[in-house]
Number of protein chains: 2
Amino acid sequence: MPGGRMGAGWGGRFRGCGYRMTIPRQIIMKVLSGTDKHLSAEDIYMKAHKTNQDMGLTTVYRTLELLMQMGVVVKFDFGDGRARYELTEGTKSKHHHHLICTSCNRIVEYTDFMDEEMEFLKRAEKGLSKKHKFDIKSHIIQFYGLCDKCKKKK
Amino acid sequence: MPGGRMGAGWGGRFRGCGYRMTIPRQIIMKVLSGTDKHLSAEDIYMKAHKTNQDMGLTTVYRTLELLMQMGVVVKFDFGDGRARYELTEGTKSKHHHHLICTSCNRIVEYTDFMDEEMEFLKRAEKGLSKKHKFDIKSHIIQFYGLCDKCKKKK
DNA sequence: ATTGATAATGGAAACCATTTTCAATAAGAA
DNA sequence: TTCTTATTGAAAATGGTTTCCATTATCAAT
Ligand SMILES: [Mn+2]
Ligand SMILES: [Mn+2]
Ligand SMILES: [Zn+2]
Ligand SMILES: [Zn+2]
């Protein structure tokens with residue numbers, strides 16, 4: 001497949017949920033698909049803005065809200081005052097979680113212990129779904145503490 | 001121990017961290033100790049305000065920030081635009097996590113699977129601490145999805 | 001291809017939880 | 001009690017996110 005039609009496949013996904021596929025939405029999907037970072041709404045806006053000058057920040061927020069409802073995106077709060085977003089089905093990044101330094105807000109991604117985690121989560125999600133009648137779509141695991149530097153600084 | 005001196009024990013904790021014990025801080029600790037709910041800063045402010053008319057919302061925010069640094073309180077983001085706070089060493093509540101409905105923001109607490117979780121966490125925290133040189137103080141596990149009502153509504 | 005109902009957009013203004021500022025006050029060591 | 005300075009409350013500022021609304025674009029039906 002040629003590289004030009006990125007995000008084309010997302011049209012069906014949007015339409016399947018009763019929404020329309022638009023230029024801004026294509027660009028936003030392209031930005032999200034093309035990174036392995038935790039982008040804020042403004043990060044996404046700035047990247048998208050290079051492709052389409054007319055894009056508005058408001059549209060980024062609206063689209064992210066939509067994508068969250070569709071289960072395509074997860075929203076994180078790392079404590080720095082702005083929300084971060086990641087594709088759930090990342091073509092680039094593997095399933096991972098985060099260590100967060102409560103002192104300097106540094107984020108460390110880790111992919112260790114995913115086997116043990118998977119085993120634990122599989123059982124937990126199954127049981128919780130049934131007991132609390134929840135349709136679980138995603139999860140977040142975060143560890144808080146002091147990073148290397150902040151530990152020494154203290 | 002008579003019921004009047006609630007939070008007196010916290011004085012040493014504050015002073016031990018190089019801070020002073022004050023009336024507002026005593027009241028805030030009393031409020032936090034006396035609930036098993038997820039209180040927002042304003043929730044705490046309103047409860048504290050009944051005891052001490054002069055208390056300011058600013059002080060609540062400042063004290064919570066302090067308590068977080070001291071590891072006494074954990075801050076949650078349930079997606080409703082305001083942070084929630086809970087004592088880590090809850091005298092009332094057990095260790096638990098949350099199911100969050102992405103549609104109506106309903107929160108369900110659960111204490112199931114804590115044995116399996118404890119086992120998984122113990123191993124993960126130990127390994128992660130060593131590998132990433134993080135001094136892990138706390139963790140958050142949250143499941144996102146649709147609650148019973150929102151599932152049917154769709 | 002054209003039409004038309006209406007979903008989606010962008011810019012500005014509004015919103016609102018949280019932070020900052022600063023003069024007044026209170027804690028606690030000496 | 002005195003003195004240093006951490007802490008406080010009120011008001012103003014901040015800034016990420018939402019809301020409004022007139023304009024535009026999508027796409028199913030023609
Ligand atoms: Mn990540
Ligand atoms: Mn809870
Ligand atoms: Zn750090
Ligand atoms: Zn719900």
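On a predicted model such as this, the values are computed, not experimentally measured, just so you know. Naming: A, B, ... by sequence-line order, numbering from 1 per chain.
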Base-contact (B) and sugar-phosphate-only (S) positions in nucleotides 8-17 of chain C, heavy-atom cut-off under 4.0 Å, - elsewhere: SBBBB----S

Given D/dT17, D/dC27, C/dG28, the nucleotide with the shortest approach to the side chain of A/Met21: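 The answer is D/dC27, which lies nearest to the side chain.
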
Spatial distance of atom NZ (A/Lys126) from atom CZ (B/Phe113) [nearest 0.5 Å]: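 One gets 10.0 Å once the value is rounded to the nearest 0.5 Å.
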
Under 3.5 Å donor-acceptor, A/Lys75 side chain and B/Gly79 backbone: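 No, A/Lys75 side chain to B/Gly79 backbone: no donor-acceptor pair under 3.5 Å.
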
Sidechain-backbone polar pair: B/Thr88 side chain, B/Val72 backbone, donor-acceptor under 3.5 Å: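 It does hold such a pair.
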
All pairs passing ring-ring contact (aromatic ring centres under 6.0 Å, His included) where residues 33-74 of chain B contributes a residue, at least two apart: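 Qualifying pairs: B/His38-B/Phe78, B/His38-B/His98, B/Tyr45-B/His49.
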
In whole angstrom, what separates [X]'s [atom1] from [N]'s [atom2]?
| X | N | atom1 | atom2 | result |
| --- | --- | --- | --- | --- |
| B/Leu64 | C/dT18 | CG | P | 10 Å |
| A/Arg15 | D/dA28 | CZ | P | 7 Å |
| B/Asp77 | D/dT17 | CG | C1' | 13 Å |
| A/Arg84 | D/dG16 | CZ | C1' | 12 Å |

Check: A/His139 ring centre within less than 6.0 Å of B/His97 ring centre: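 So the answer is no for these two rings.
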
Check: A/Tyr19 ring centre within less than 6.0 Å of A/Phe14 ring centre: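 A/Tyr19 vs A/Phe14: aromatic centres not under 6.0 Å.
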
Angle by which the axis turns from one end of the helix from C/dA1-D/dT30 to C/dA30-D/dT1 to the other, five pairs per end, to 10 degrees: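 Between the axes fitted at each end of the helix from C/dA1-D/dT30 to C/dA30-D/dT1 lies an angle of 50°.
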
More than 12 heavy atoms of other groups within 6.0 Å of B/Lys137 NZ: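 It does: B/Lys137 NZ has more than 12 such atoms within range.
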
Pair A/Asp112, B/His132: side-chain N/O donor-acceptor within cut-off below 3.5 Å: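 Checked: A/Asp112/B/His132 side chains pair up, N/O donor to acceptor below 3.5 Å.
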
